Structure formats: structure tokens, C-alpha cells
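Shown next, in C-alpha cells, is the structure this report addresses.
Owing to the predicted nature of the structure, the values given are computational and were not obtained by experimental measurement.
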Amino acid sequence: MIYIHIFLAFFIPGILGYGGGPASIPLIEHEVVENYEWMTTAEFSDALAIANALPGPIATKLAGYIGYEQAGILGAVIALFATVGPSLILMLVLLSLLYRNRNSRRVKRLSSFVLPAIAILMADLTFDFFSTSIAGISWMPTILIAVISYLALEKFKVHPAMVIVAGLVVGGFFL
């Protein structure tokens with residue numbers, strides 16, 4: 001029965017707090033603290049503080065921790081699936097719908113609006129990365145890493161994972 005409760009405790013916030021962002025935290029707290037009484041508010045605050053300190057989505061980290069605390073590894077797996085399941089299912093349904101209608105004028109028009117927005121968001125992300133890098137290790141190593149990474153990826157066809165690891169090592173050397 002605990003597995004069903006774990007699933008429901010994280011599936012409901014997963015549906016209502018689409019994407020697992022900070023908006024789902026109060027929903028998870030309601031289920032975990034008030035509905036099932038697995039934690040006190042102070043314990044949930046501590047778990048939230050730890051989850052915020054780690055990289056990745058907050059909701060999945062909370063789900064993994066709370067699921068593990070309540071029912072071990074299987075509880076953590078169920079809680080994680082319940083958290084990402086609604087987003088995953090919705091994404092698969094929408095992508096299959098888009099793929100089925102990929103030759104439709106409406107879908108092509110939608111793509112013509114979405115693709116420039118994605119390009120702008122990626123450019124903004126790149127600018128933020130460069131700004132952070134320049135503030136952290138100076139502009140010269142940043143430009144050097146960027147140029148060498150570009151050449152490795154485009155000219156020499158080095159696998160992106162290798163370029164990322166090399167960039168981390170070089171960036172760490174300059175810190």
C-alpha cells in the first residue's frame with residue numbers, strides 16, 4: 001500500500017506542477033507533510049535545502065529522497081517515475097501528434113514561430129555562460145576554451161563529451 005501512496009503523493013504534484021519547477025514544491029509539501037505525514041515541516045525544509053544545493057530539478061531530488069526514506073530503493077524509483085511520468089507522457093503524446101501532422105501547414109507555421117524563440121533562448125544561455133566564465137576565470141582563457149572547443153567539434157569532429165571534459169579540466173586549472 002505504501003507504494004501506491006508514494007506514487008499518488010508525487011504523481012498529483014507532477015500533474016499540477018508541470019515540469020517539476022519551484023511551483024510544485026508547495027504541492028509536494030502538502031502531500032508529504034499534511035496528507036501522508038511522512039515528514040514534519042522542519043524535516044521537509046531540510047530536505048528542500050539539500051535538494052536546492054544539488055544540481056538538477058528540485059522535484060526529482062525530493063521524490064528520490066522521500067521515496068527512499070519511506071520504502072527504500074523501490075520507493076525512490078516509484079516516486080521518481082510518478083514525478084517525471086506526467087511530463088514524459090504528455091511530451092510523448094504531443095510529439096507523436098506533431099510527428100503525425102508534420103506536413104500540415106499549421107505545424108510548419110508553429111515551427112516557424114518556435115524555432116527563432118529557441119535560437120534566442122540558446123543565444124541567451126550562451127551569453128550567460130560566457131559572462132559567468134569571464135567573471136570566474138577571465139576573458140583570455142574563456143576565449144581560448146571557446147575557440148579550441150569550436151575547432152575540436154567542427155573541424156576535428158571530437159565527441160562533445162570529450163570536449164566538455166577537456167573544457168572542465170582547463171577551466172579548473174585556471175581557477
Side-chain angles (χ1 to χ4, degrees), residues 1-129 132 159-165 167-168 172:
M1 193 65 169
I2 186 72
Y3 299 119
I4 294 170
H5 291 298
I6 290 172
F7 181 81
L8 291 175
F10 290 98
F11 187 75
I12 293 168
I15 290 173
L16 299 175
Y18 180 76
S24 66
I25 293 171
L27 301 171
I28 294 171
E29 180 186 19
H30 173 76
E31 293 295 324
V32 170
V33 174
E34 296 173 27
N35 194 14
Y36 293 105
E37 297 178 351
W38 291 330
M39 302 176 117
T40 65
T41 303
E43 291 170 333
F44 184 82
S45 296
D46 290 342
L48 181 61
I50 292 169
N52 274 324
L54 299 171
I58 297 168
T60 56
K61 293 178 282 189
L62 285 173
Y65 173 73
I66 296 167
Y68 182 78
E69 285 292 314
Q70 295 306 309
I73 293 174
L74 184 58
V77 170
I78 290 170
L80 284 169
F81 177 74
T83 301
V84 300
S87 299
L88 178 66
I89 292 166
L90 184 60
M91 215 168 53
L92 290 174
V93 168
L94 290 175
L95 284 175
S96 68
L97 183 67
L98 281 173
Y99 184 74
R100 207 171 335 138
N101 297 305
R102 67 185 176 275
N103 295 324
S104 165
R105 281 190 203 163
R106 290 181 180 165
V107 172
K108 288 181 181 180
R109 188 171 46 231
L110 174 71
S111 295
S112 71
F113 291 125
V114 171
L115 291 177
I118 291 171
I120 290 171
L121 289 172
M122 292 302 289
D124 183 51
L125 182 66
T126 303
F127 179 75
D128 287 345
F129 282 161
T132 303
H159 193 277
M162 299 305 292
V163 174
I164 291 169
V165 169
L168 286 171

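From Tyr68, atom OH reaches atom CD1 of Ile78 across 14.5 Å, with rounding to the nearest 0.5 Å. Between the OG atom of Ser112 and the CZ atom of Arg105 there is a distance of 13.0 Å, given to the nearest 0.5 Å. In this structure, Phe10 CZ and Thr60 OG1 are separated by 10.5 Å, a value rounded to the nearest 0.5 Å. Taking OG from Ser24 and CD1 from Ile15, the interatomic distance works out to 12.5 Å, rounded to the nearest 0.5 Å. A distance of 5.0 Å separates CD1 of Ile2 from CH2 of Trp38, quoted to the nearest 0.5 Å. Note that the CG atom of Leu8 and the CD atom of Glu31 stand 8.0 Å from one another [nearest 0.5 Å].
Within 6.0 Å of the CG atom in Leu95, the count of heavy atoms belonging to other residues, nucleotides or ligands exceeds 12. In the displayed structure, Tyr65 atom OH is contacted under 6.0 Å by at most 12 heavy atoms of other residues, nucleotides or ligands.
Taking each heavy atom of Gly64 and Ala76 in turn, the nearest pair found is O-CB, 3.5 Å. Considering every non-hydrogen atom in both Ala79 and Thr83, the closest pair reads O-OG1, 2.8 Å. The minimum heavy-atom distance between Gly67 and Ile6, with the atom names listed, is O-CD1, 4.2 Å.
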* Decide yes or no on side chain to side chain contact (heavy atoms under 4.5 Å, CB included) for Leu62 and Leu48, but give the supporting numbers first. => CA-CA 7 Å; Leu62 285 173; Leu48 181 61; 4.1 Å; yes
Under 3.5 Å, which donor-acceptor pairs do the side chains of residues 113-129 form with other protein atoms, sequence neighbours left out?
{"residue": "Thr126", "atom": "OG1", "partner": "Met122", "partner atom": "O", "Å": "2.8"}

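Counting only heavy atoms from C-beta outward, the side chains of Lys108 and Ser111 never approach each other to under 4.5 Å. With a 4.5 Å cut-off on side-chain heavy atoms, Phe44 and Ile66 count as touching. With a 4.5 Å cut-off on side-chain heavy atoms, Ile28 and Ile58 do not count as touching.
When each of Leu88, Leu94, Leu92 is checked for a side chain to side chain contact (heavy atoms under 4.5 Å, CB included) with Leu90, only Leu94 meets the rule.
The backbone N or O of Glu43 sits less than 3.5 Å from a side-chain atom of Thr40, completing a donor-acceptor pair. In this structure, Arg102 contributes its side chain and Tyr99 its backbone to a donor-acceptor pair below 3.5 Å.
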